[in-house]
Structures are given as C-alpha cells and as structure tokens.
Amino acid sequence: MGDRWLRVTVLPGCVGCRTVAVLESWTVRDLKERILAETGFPVSEQRLWLGDRELSDWIKFGDLTFKNRLFVKLQSKGLKGGGRFGQTTPPLVDFLKDILRRYPEGGQILKELIQNAEDAGATEVKFLYDETQYGTETLWSKDMAQYQGAALYVYNNAVFTPEDWHGIQEIARSRKKDDPLKVGRFGIGFNSVYHITDVPCIFSGDQIGMLDPHQTLFGPHESGQCWNLKDDSKEISELSDQFAPFIGIFGSTKETFINGSFPGTFFRFPLRLQPSQLSSNLYNKQKVLELFDSFRADADTVLLFLKSVQDVSLHVREADGAEKLVFRVTASEDKALKQERPHSVKVLGTAISNYCKKIPSDSITCVTYHINIALEDESAKDRQQTSWLVCNSVGGRGISGKLDSLADELKFVPIIGIAMCLSGGGDEEKGAVSDFAGKAFCFLPLPPGEESQTGLPVHVSGFFGLTDNRRSIKWRELDQWRDPAAVWNESLVRDVVPKAYATLIFDSIRRLEAQRGADAPLSVDAVYRLWPDVSRVRARWRPALQPLFADLLQGAVLRALGGRWVRLEQARFSDLDERSERARAVLGYLRGAGEQVVRVPAHLAAAVQLAAPSDRPPRTVTPAWVRQVLRKAAPQGGAAEKLHLLDFVLSDRAYSELLGLELLPLQNGSFAPFSSSVSDQDVVYITSEDYPRSLFPGLEGKLILDNLKPHLLAALKEAAQTRGISVVFLF
C-alpha cells in the first residue's frame with residue numbers, strides 16, 4: 001500500500017499545541033527535527049511522551065498502534081537537577097471568559113463583525129437568525145447534535161485569505177499588529193461572539209472551520225477542526241447532517257461543495273441553549289431580536305466612515321423556511337456625484353499606503369464627499385434617508401515627529417474623519433441638523449453613553465486607541481500618563497482633527513456657492529452651525545479648537561450681507577437687532593455702500609473673539625464707524641433711511657463727530673449738514689413751545705423738523721448745547 005500519511009498532534013508544552021503530518025516510516029527523531037525547524041526548540045531538549053511512556057528517538061510511527069491520529073506530549077528535559085520551569089498561559093476557556101467579562105454583549109458584537117467585513121474589503125453584510133433544525137444522524141460526534149438548531153449567521157461577500165484563517169486562530173494576538181489597515185481583525189472584538197455561541201463556524205472559499213474552545217468535540221486539546229471542500233470531500237459527504245447548515249443559504253448549494261469553493265464568507269453561531277463552562281448566557285429568538293434592536297439604535301451612522309461596506313441587512317428565517325427582512329441600511333451617492341466617493345477612497349488609500357511606507361509628506365491629505373444613508377424598516381414599511389457630507393483625512397509622514405513615532409510603535413495610522421449631517425429623515429430644512437449631538441467613532445460608532453459624546457456639532461471618527469473592552473477612547477489619566485495609545489489619541493485630536501474639520505467647513509462653503517444645494521441641502525446657517533460652541537465641547541476635545549479656529553480665520557468663512565464670503569480682516573460684525581426698523585435701515589445702507597457686514601450666531605462670534613489674532617481683533621458695526629462710512633458714501637435712500645441713520649449715529653452722544661454729515665432733517669423736507677459755522681446762513685434752529693414754528697414763516701429751510709421722535713429731538717437739543725455745532729435751540 002506504500003507509506004501512509006498520519007497526523008500526530010503535539011499537545012501543549014514548550015511550543016504550544018500543533019498538528020504535524022508524518023509518514024509511517026518517520027521516526028520520533030524525525031518529528032523532533034520537524035519541531036526544531038518550526039520552533040527552534042533543540043532536539044536534545046525534547047522529550048515526547050505517549051501516555052506514561054517516553055518515546056525513544058528511533059521508534060517508527062508505523063509501529064505504534066493508532067488509527068489516523070496520534071496524540072503525544074512534549075516536555076523539556078529542563079535544568080539539571082530540576083524539571084520544567086516558566087510561566088504558562090491560562091486555559092483557553094478561562095482566557096475567553098475574561099474577554100467576555102470585559103466586553104459586554106449587545107449591538108457592538110454585530111458592529112465588530114461588520115468591521116471584520118470592512119477589513120476584508122467586503123461591500124455587503126447580512127445577519128440572519130435561522131430557526132431551522134438540521135439532522136443529527138451523521139455528525140462528527142453525538143455531542144455536535146446540540147449545535148444543529150437555531151443559529152445566527154453573518155455573511156459578507158469577501159473571501160478569507162490564508163492570513164485570515166491563521167489570524168482567527170491566534171486568539172491573543174490581533175492581525176492588526178502586522179497590518180495597521182486591519183483594524184482589530186479577529187481580535188477581542190470577534191471573540192465577543194462567545195456571548196452567543198460555544199462553537200463558532202466559518203465557511204469561506206474552499207474551507208469550513210469550526211472552533212471549540214472547550215476542546216472536547218474534536219479530541220483532547222483540539223480547539224477546532226477544518227475541512228477542505230475538495231481534499232476532505234469524502235468525509236464531508238459522509239457527515240452530511242454536520243454540513244447541512246452550510247447548504248441552501250447565501251447562495252451556497254450542493255454544487256458549491258462539488259465545485260470546491262464558496263465566493264464569500266459566512267459565520268454560523270449556533271445559539272447557546274444550555275450553560276457551558278465558557279458562559280451561562282443562553283440565547284433564543286427574543287434575545288437575537290433584542291441584539292438586532294440594539295444595533296438598530298445607531299444603524300443610520302454605521303456606514304458613515306466605512307470605505308468598503310455599503311449594505312447591511314438583518315433577516316429572520318422561520319422554522320418553515322420563510323425568510324423576511326427585518327432591517328436594512330445602505331449607503332449610496334447622488335447620480336451627479338457617483339464617482340466622488342470612490343475617487344476619495346482611492347486617494348485615501350494612496351495616502352495611507354504612503355504613510356505606512358514612510359514616504360515623507362508635510363501635509364494632511366483631505367477628501368470630502370457626499371453620501372446618502374437609507375434605512376428600510378420592514379415593521380414600519382417606510383424608508384428614511386439621511387444626507388451627509390464627510391471629510392476623511394490622513395496625516396502626512398512628517399507633520400509631527402511624535403505622532404510618527406507613536407504610529408510606528410502602535411502600528412496605527414493617523415486617520416481622521418469628520419461628518420456633517422445635512423438632513424434627517426423627512427427634514428425639509430436646508431443644512432445641518434439643529435442641536436446635533438456629535439459622537440466619537442473608531443470607524444464604527446462607539447457604544448452610546450457619556451464616553452462617546454464630544455460636544456461637537458459633527459461626528460468624529462479616527463484610528464483611535466481604545467480601552468481593553470473596545471468601548472471607549474483611551475485618554476491620559478494620572479495612573480497612565482505615558483500610555484502610548486492615550487498620548488496618540490491626544491496627538492490626533494490636536495494635530496489632525498483641526499485640519500480635517502476646517503477642510504469640511506471650507507468645502508461646505510465651496511459647495512454652497514458653486515452648486516447652490518444641487519448636490520446637498522446646504523445653507524449659510526448650516527455652515528455656521530458647523531462651528532463648535534466652545535461652551536459645549538467636552539474637555540478631551542477642546543485642544544482641537546484653537547488650531548481649528550486659527551485655520552478657519554485664514555480663509556473667507558464669514559458671509560457678508562451682500563452675499564460674499566469674506567475674511568476676518570474684511571468683516572464688520574453686527575449685533576444689531578434686525579427686528580427694528582433702525583437696524584434694518586442701517587444695515588441696508590452699509591450693504592449698499594459696499595461694506596462687508598456680517599451677522600453670525602453667538603457661538604461663532606465667541607469663537608472669533610477667542611481665536612482672532614491680537615493685531616487683527618474683530619471689528620464691529622458702531623456709530624463711530626458708520627459716521628466714517630457716511631463721510632465716504634452718502635445715503636441713497638429716502639428721508640426715512642436718513643432719520644434712522646441719524647438716530648444710530650447720535651446713539652453714542654459723540655456729537656462733535658457729526659460735523660459734515662448731511663443728516664439734519666429740516667422742516668421743508670430736505671437735510672442739512674452738521675456744521676460748525678457761526679454764519680447765520682449755516683445755523684439751524686430747533687423751535688420750542690415758547691418759540692413755535694408759527695413765529696418763523698418762510699424759514700422752513702432753517703428749522704429742524706418738528707415731528708421728530710421725542711428721543712431723537714432730545715438728542716439734537718443736547719447736541720445744540722455742544723460747542724462747535726451750529727444748531728440753536730430756541731428757548
């Protein structure tokens with residue numbers, strides 16, 4: 001029959017558990033040489049045991065009595081006069097239990113699985129609760145029967161790479177450490193599925209794998225089993241019930257097994273129906289639907305900062321095979337901007353690649369795109385859509401030496417995204433949603449709560465270092481002041497967030513002016529609402545404010561009443577109450593005179609006041625300044641406008657500065673200039689009860705209008721008593 005291949009599993013010892021394929025003719029020495037080649041563990045230090053018997057180097061495996069698999073134990077000869085010595089890792093189940101204690105169950109579990117799909121480059125993710133009961137006759141073992149019932153499936157349309165198959169087995173080590181673009185791929189987040197199941201199963205490409213952390217289903221110390229559709233087709237065919245849950249779902253058919261490859265990936269998580277050593281948390285249909293509901297709470301933002309996944313849906317398949325959609329969220333672009341997002345993603349990809357390759361760049365790459373996110377809820381039979389403007393950025397290699405050093409240490413990339421909500425479902429109002437509560441993301445939204453609140457009017461996503469349970473951003477505290485991940489997060493907020501944020505505002509202005517809402521519902525108020533309210537921003541995010549405001553004030557970010565966007569040094573801020581006729585007249589005159597008067601919300605005015613350079617303080621509309629403008633540009637309006645202007649320039653009682661202003665209202669309907677001349681022909685008189693107008697017939701051109709508002713007349717009387725003003729009050 002020739003030399004047969006056998007499987008020898010070396011049980012946990014000095015080099016961990018591993019299975020090696022050996023020929024019957026191999027000796028124990030040959031196996032030791034193989035272990036040396038794979039681990040560097042010297043042959044002279046190895047001792048292999050079969051039960052209580054130590055195997056000598058020259059025993060052939062074909063001479064040992066076993067079927068197709070042999071379990072041997074490896075020990076070290078240890079130090080002279082002693083035995084093995086060294087620290088050990090906890091049992092796999094204990095390790096996972098610790099993860100579950102730190103990582104609460106809920107909708108975050110589904111987000112982690114979406115993140116895995118995103119890392120794989122998938123565009124579609126489906127969650128399916130399946131109540132189907134599969135056969136229990138032809139199974140690997142009778143113990144597998146309890147896993148043939150209700151299960152949660154998770155599908156995505158990407159195929160596992162060899163690195164993925166390897167990574168999902170490395171429970172204590174995230175593949176992210178090798179590739180910073182794989183954010184937590186199959187790390188702690190994936191292992192949170194053990195809240196739901198004891199036996200996670202994976203079907204991708206040409207392989208099906210099943211994990212068994214209890215190490216009881218597939219043999220002593222075996223934590224899983226994997227089958228290749230072609231190489232193990234005979235065993236798969238014999239265990240037809242075992243593999244039935246992988247047929248007739250997500251396009252997988254019997255032909256898929258015959259052809260030997262499935263063009264995607266799906267996980268099957270049989271629900272835990274009875275307590276296990278790993279967890280006493282039992283799952284049923286109600287709990288799965290609660291899981292769906294907790295995910296739905298912020299599903300409208302799940303796709304906001306993802307580059308690949310654009311479609312996530314939740315389904316239920318009843319025991320009779322009837323399947324229904326529960327919920328779906330999709331991301332799309334407007335037809336006119338179909339290529340904007342794909343092009344932006346390509347630019348970002350290049351910038352990320354350059355950063356990882358350590359190609360120098362002293363700038364931050366920023367791209368902005370519009371995105372629509374649609375929600376379909378089967379129970380409500382409706383479809384809601386939100387519209388967003390998103391700016392994603394990648395810091396250049398060189399903008400901060402400290403940031404670069406931390407990136408290399410942590411295997412992180414300085415990625416920041418800022419998202420502005422343009423409209424909610426059914427909103428008619430143009431622009432950003434009022435009273436918007438911005439939250440923090442690490443590509444996906446962090447769990448709701450105080451920790452995820454930023455106080456900003458935008459959502460902020462970043463390649464942040466998270467706490468061990470991945471539920472919040474890590475910040476520096478007294479007991480972890482030098483924690484690299486916490487220092488990294490603060491550097492991102494200070495060095496990268498401001499640039500991305502400012503770019504979003506500048507681009508909003510550009511879109512508003514160029515397209516006038518053709519691609520997105522923008523307005524001036526919406527742009528102004530993008531500015532943070534300093535009083536509301538949480539302490540952790542305040543370091544971004546000063547550089548953000550400084551960057552903004554370098555550009556034309558203030559909308560003048562005439563419709564032009566102007567810079568700080570060109571602007572005059574008005575706090576006049578436009579509900580009054582006087583204010584409207586003054587502002588109308590200034591606009592007609594070509595002055596760049598701006599009106600901004602209080603929070604924006606406070607930001608300008610805080611960030612304006614000391615040599616360029618914000619200037620306001622004052623009576624003194626309006627008097628200066630009047631000397632250059634005479635009012636073009638009628639008598640009513642001039643009276644309102646007179647009222648305003650008199651309001652600071654600086655009467656000596658009125659000279660030359662043609663604003664004195666005369667009884668004949670004309671206006672005379674304020675003068676200092678003592679000549680009779682230049683003097684203007686204010687009549688009184690003792691000297692009424694009737695005493696001066698034909699002198700209407702020398703008398704002040706007598707039906708002025710009392711406060712205005714009182715001011716002119718006060719001015720008449722000022723030296724140098726040729727107004728005489730007759731009393």
Side-chain angles (χ1 to χ4, degrees), residues 1-97 139-144 166 169-172 198-199 209-228 231-232 234-235 238-239 242 276-278:
M1 291 180 60
D3 215 356
R4 274 195 317 144
W5 283 99
L6 307 171
R7 291 182 181 178
V8 176
T9 297
V10 182
L11 299 180
C14 307
V15 296
C17 184
R18 61 187 58 238
T19 298
V20 180
V22 302
L23 290 168
E24 286 182 312
S25 60
W26 277 28
T27 65
V28 171
R29 175 78 180 195
D30 293 328
L31 177 58
K32 288 182 177 181
E33 295 285 353
R34 176 72 174 273
I35 293 172
L36 168 65
E38 292 186 4
T39 68
F41 188 41
V43 170
S44 61
E45 294 297 316
Q46 297 180 38
R47 298 171 68 188
L48 287 173
W49 294 76
L50 180 58
D52 296 330
R53 171 190 173 192
E54 182 177 0
L55 300 176
S56 66
D57 282 357
W58 310 113
I59 292 179
K60 292 184 178 181
F61 286 102
D63 295 336
L64 298 174
T65 304
F66 66 103
K67 293 182 180 179
N68 292 319
R69 178 168 293 188
L70 180 70
F71 295 93
V72 297
K73 189 169 185 179
L74 175 65
Q75 291 185 348
S76 168
K77 289 186 177 179
L79 302 173
K80 185 176 180 180
R84 292 185 60 210
F85 174 78
Q87 295 174 309
T88 61
T89 57
L92 181 55
V93 168
D94 291 345
F95 189 89
L96 289 171
K97 286 172 72 174
L139 302 176
W140 175 275
S141 73
K142 59 179 179 22
D143 294 330
M144 299 292 289
H166 184 57
Q169 299 174 73
E170 291 190 322
I171 190 168
D198 284 325
V199 184
M210 298 182 185
L211 298 171
D212 173 30
H214 291 95
Q215 301 178 338
T216 59
L217 297 174
F218 304 110
H221 306 287
E222 286 290 308
S223 58
Q225 181 70 25
C226 192
W227 294 266
N228 184 281
D231 295 345
D232 299 306
K234 185 174 183 297
E235 185 172 0
E238 292 172 351
L239 303 177
Q242 185 71 74
S276 69
Q277 185 183 350
L278 180 58

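- Under a cut-off of 6.0 angstrom, the local environment of CD in E235 is crowded, with over 12 non-hydrogen atoms contributed by other residues, nucleotides or ligands.
- Between the side chain of H214 and the backbone N or O of L278, at least one donor-acceptor pair lies under 3.5 Å.
- Here the closest non-hydrogen pair linking M144 and M210 is CE-SD, 3.8 Å.
- Judged by distance alone, the side chain of W140 and the main-chain N or O of L217 form a donor-acceptor pair under 3.5 Å.
- For K234, the side-chain hydrogen bond (donor to acceptor under 3.5 Å, both in side chains) partners are E238, not counting sequence neighbours.
- Residues forming a side-chain hydrogen bond (donor to acceptor under 3.5 Å, both in side chains) with K97 (at least two apart in sequence, or on another chain): none.
- Residues K60 and T27 share a closest heavy-atom pair of CG-CG2, 4.0 Å.
- Interatomic distance, E24 CD to D63 CG, rounded to the nearest 0.5 Å: 9.0 Å.
- With rounding to the nearest 0.5 angstrom, the CZ atom of F61 is 7.0 Å from the CG atom of L55.
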Subject >> Test side chain to side chain contact (heavy atoms under 4.5 Å, CB included) applied to L48 and L31, step by step >> reply: CA-CA 10 Å; L48 287 173; L31 177 58; 3.8 Å; yes
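- Heavy atoms only, all atoms of each residue included: L92 and P213 are closest at CD2-CA, 3.6 Å.
- To the nearest 0.5 Å, atoms CD (E33) and CG (D57) are separated by 9.0 Å.
- When all heavy atoms are compared, the tightest approach of C226 to D232 is O-OD2, 4.2 Å.
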**OP:** May I have the step-by-step check of side chain to side chain contact (heavy atoms under 4.5 Å, CB included) for R53 and L64, ending in yes or no?
**Re:** CA-CA 12 Å; R53 171 190 173 192; L64 298 174; 3.9 Å; yes
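- Considering every non-hydrogen atom in both S56 and V28, the closest pair reads O-CB, 3.3 Å.
- No side-chain donor-acceptor contact under 3.5 Å links Q225 to the backbone of F218.
- Shown here are the side-chain hydrogen bond (donor to acceptor under 3.5 Å, both in side chains) partners of D212, two or more places apart in sequence or in another chain: there are none.
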